[in-house]
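In what follows, chains carry the letters A, B, and so on, assigned in the order in which the sequence lines appear, proteins first and then strands, with residues in each chain numbered from 1. Side-chain atoms are counted along with the backbone in the values below, which use heavy atoms only and exclude waters and symmetry mates.
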Protein chains: 2
Amino acid sequence: MDHSPQPLPKAKDTASSILEAAHQLFIEHGYHGTSMRLIAQEAGIALGGIYNHFPSKEALFEQIFLETHPYHEVLPTLSEAQGDTPEALVRNAAQRMMKALQARPNFLKLMFVELVEFKGSHLLDLQSAIFPQSAELIERFMENSSSIRPIPAIILLRSFLGLFISYYLGELMLDPSGESKFDQQTFDQFIDIYLHGILSGAQE
Amino acid sequence: MDHSPQPLPKAKDTASSILEAAHQLFIEHGYHGTSMRLIAQEAGIALGGIYNHFPSKEALFEQIFLETHPYHEVLPTLSEAQGDTPEALVRNAAQRMMKALQARPNFLKLMFVELVEFKGSHLLDLQSAIFPQSAELIERFMENSSSIRPIPAIILLRSFLGLFISYYLGELMLDPSGESKFDQQTFDQFIDIYLHGILSGAQE
DNA sequence: CCTACCGATCGGTAGG
DNA sequence: CCTACCGATCGGTAGG
């Protein structure tokens with residue numbers, strides 16, 4: 001048998017196991033509803049072991065929240081969106097976006113925990129990272145788009161992002177287990193309303 | 001001095017004080033982040049006193065969640081919405097809706113707590129109360145509305161409700177303190193996109 | 001409605 | 001990385 005120069009590659013190291021366990025538990029039970037003992041148990045180590053890797057429970061949450069925020073994939077993916085018309089561009093962007101978001105199911109629940117249990121105190125770190133890129137994104141979108149109705153860029157962006165939040169929150173309220181499959185047709189209808197809403201009627 | 005046949009009308013009785021204190025604290029810190037001792041303190045009684053009025057902490061949350069759900073005002077208020085054209089009707093409905101929602105600021109945070117910390121287990125009680133009325137509402141809206149594009153009623157409703165959630169969540173993320181004033185202009189632009197999105201272009 | 005208490009559990013740490 | 005522990009706090013209750 002051949003053996004690697006390193007110890008047999010364990011699927012994950014301890015720190016990753018802790019992060020993964022905590023991530024899932026924070027989504028399921030919130031921050032104060034999740035104990036460090038349960039995180040340790042799910043990660044397969046003793047309570048004290050967590051503190052060899054993370055200084056506190058809040059540090060654990062903060063790292064998970066910041067690392068799994070979808071903007072890491074969403075912004076690059078939107079930058080690569082393509083389309084000859086604004087409509088094609090929006091549809092392509094929406095499709096890429098949905099794909100990126102599905103890689104982080106239930107992230108919105110982490111955002112809820114952040115907003116309620118931390119009053120959004122970790123959000124400031126994100127805004128400086130997100131704002132410039134998204135401003136650039138919108139600018140690029142609008143300069144190619146004479147057929148877009150005169151709507152402020154920030155409103156275009158918020159409405160666009162709102163589509164995903166509305167869709168996801170609607171699904172969550174109809175089936176709180178959160179395990180409902182993605183309904184492409186319903187989501188397409190959300191996009192249709194948005195597209196029809198921002199395009200001038202000329203081309204239709 | 002005249003004295004009523006009942007004890008001088010205290011502003012609120014004990015049960016109301018407890019509900020009000022718990023309501024505010026659940027919004028601020030979530031469910032597991034709020035202790036019964038703190039609720040008692042804010043309500044001005046001792047811990048044990050709560051249990052003369054409510055059997056458990058969860059019963060407290062459930063009652064607050066169900067009683068302050070905005071559907072109590074939103075459905076009747078939407079039923080009374082008026083307008084000669086679909087556009088006027090939607091604008092009138094949106095305005096009434098916003099007014100009703102502002103009477104329950106931060107209810108969305110209670111919904112987040114419900115979704116995360118209770119996995120939506122109290123939502124089922126609501127759906128049976130909400131669904132028939134809103135179905136009727138949509139039906140009435142659509143039969144008068146030949147100028148509405150062919151969009152399923154459920155999508156019309158979800159998109160409409162999504163406007164408020166998107167607007168509110170956007171404000172919450174830009175200013176997590178949650179005390180930002182209502183920005184009528186921004187919200188009107190959300191409505192404009194929606195309206196333009198659901199109306200056939202004929203009349204514009 | 002309060003006082004005093006219950007067992008259980010919390011986040012975190014010392015020491016090895 | 002575990003064992004054993006810290007003081008603090010939790011939801012809830014008995015008794016008056």
Side-chain angles (χ1 to χ4, degrees), chain A residues 6-66 110 113-114 116-119 121-122, chain B residues 6-66 110 113-114 116-119 121-122:
Chain A
Q6 305 174 354
L8 283 178
K10 294 200 300 185
K12 318 170 192 314
D13 61 15
T14 302
S16 299
S17 299
I18 295 169
L19 285 171
E20 204 163 296
H23 185 180
Q24 189 57 35
L25 289 167
F26 287 149
I27 283 176
E28 282 178 10
H29 306 112
Y31 180 76
H32 289 103
T34 297
S35 71
M36 292 296 267
R37 280 159 180 82
L38 188 52
I39 293 172
Q41 179 182 318
E42 292 294 304
I45 61 169
L47 165 66
I50 295 181
Y51 294 91
N52 298 319
H53 301 272
F54 303 95
S56 69
K57 187 184 179 185
E58 175 162 0
L60 246 183
F61 178 84
E62 181 172 16
Q63 181 170 338
I64 290 167
F65 178 70
L66 294 180
L110 279 189
V113 173
E114 163 68 13
V116 173
E117 303 193 56
F118 289 102
K119 296 174 183 283
S121 61
H122 306 114
Chain B
Q6 304 175 355
L8 282 179
K10 296 200 299 184
K12 320 172 188 314
D13 61 16
T14 302
S16 300
S17 300
I18 297 170
L19 285 171
E20 205 164 295
H23 185 181
Q24 189 58 35
L25 289 167
F26 287 149
I27 283 174
E28 281 177 12
H29 305 114
Y31 180 77
H32 289 102
T34 297
S35 71
M36 292 296 267
R37 279 157 181 84
L38 188 52
I39 293 172
Q41 178 181 318
E42 292 294 305
I45 62 170
L47 165 67
I50 295 182
Y51 294 91
N52 297 320
H53 300 272
F54 303 94
S56 70
K57 187 183 179 186
E58 175 161 359
L60 247 182
F61 178 83
E62 181 171 15
Q63 181 170 338
I64 290 167
F65 178 70
L66 294 180
L110 278 189
V113 173
E114 163 69 13
V116 175
E117 303 193 58
F118 289 102
K119 297 174 182 280
S121 62
H122 306 113

Atom CZ of Phe54(B) to atom P of dG12(D): distance rounded to whole Å?
13 Å
Calculate the interatomic distance between Ile39(B) atom CD1 and dT9(D) atom P; express it in whole Å.
17 Å
OP1 or OP2 of dT9(D) versus the side-chain N and O atoms of Ser35(B): is any pair under 4.0 Å?
no
Between dC1(D) (C1') and Gln41(A) (CD): distance, integer Å:
17 Å
What does dG11(D) pair with, Watson-Crick or G-U, if both distances are under 3.5 Å?
dC6(C)
Do Phe54(A) and Met36(A) touch side chain to side chain, with heavy atoms closer than 4.5 Å?
no
Roughly, in whole Å, what's the span from NE2 in His29(A) to P in dT9(C)?
15 Å
Quick one, Phe26(A) and Val116(B) - any side-chain contact, counting heavy atoms below 4.5 Å?
no
Between C1' of dC10(C) and NZ of Lys57(A), the distance in whole Å:
8 Å
Base, sugar-phosphate or nothing for Leu47(A)? Non-hydrogen atoms, less than 4.0 Å.
base
Against the side chain of Ile45(B), the closest entry in dC2(C), dC10(D), dC2(D) is dC2(C)
Rounded to whole Å, CZ of Phe26(A) lies from P of dG11(C) at a distance of 9 Å
Under 3.5 Å on both distances, the Watson-Crick or G-U partner of dC1(D)
dG16(C)
OP1, OP2 of dG12(D) versus side-chain N and O of Tyr51(B): anything below 4.0 Å?
yes
Quick one: label His53(A) by what it contacts on the DNA or RNA (base, sugar-phosphate, nothing), any heavy atom closer than 4.0 Å.
sugar-phosphate
Out of dC10(D), dG12(D), dC2(C), minimum distance to the side chain of Met36(B) belongs to dG12(D)
With distance as the sole test, does Glu114(A) use its side chain to make a donor-acceptor pair with the main-chain N or O of Lys119(A) at under 3.5 Å?
no
Take Ala46(A) and Arg37(A), find for each the nucleotide of DNA chain D with the closest heavy atom, and name the residue whose nucleotide sits nearer the 5' end.
Ala46(A)
Can you tell if the side chain of Tyr31(A) reaches within under 4.5 Å of the side chain of Glu58(A), non-hydrogen atoms only?
yes
Could you tell me if the side chain of Phe61(A) sits less than 4.5 Å from the side chain of Glu117(A), heavy atoms only?
no
How long is the line joining CG of Asn52(A) and P of dG11(C), in whole Å?
17 Å
It should be established whether Ser56(B) places a side-chain nitrogen or oxygen under 4.0 Å from OP1 or OP2 of nucleotide dG11(D).
no
Distance, rounded to the nearest Å, where Ile50(B) contributes CD1 and dT3(C) contributes P
14 Å
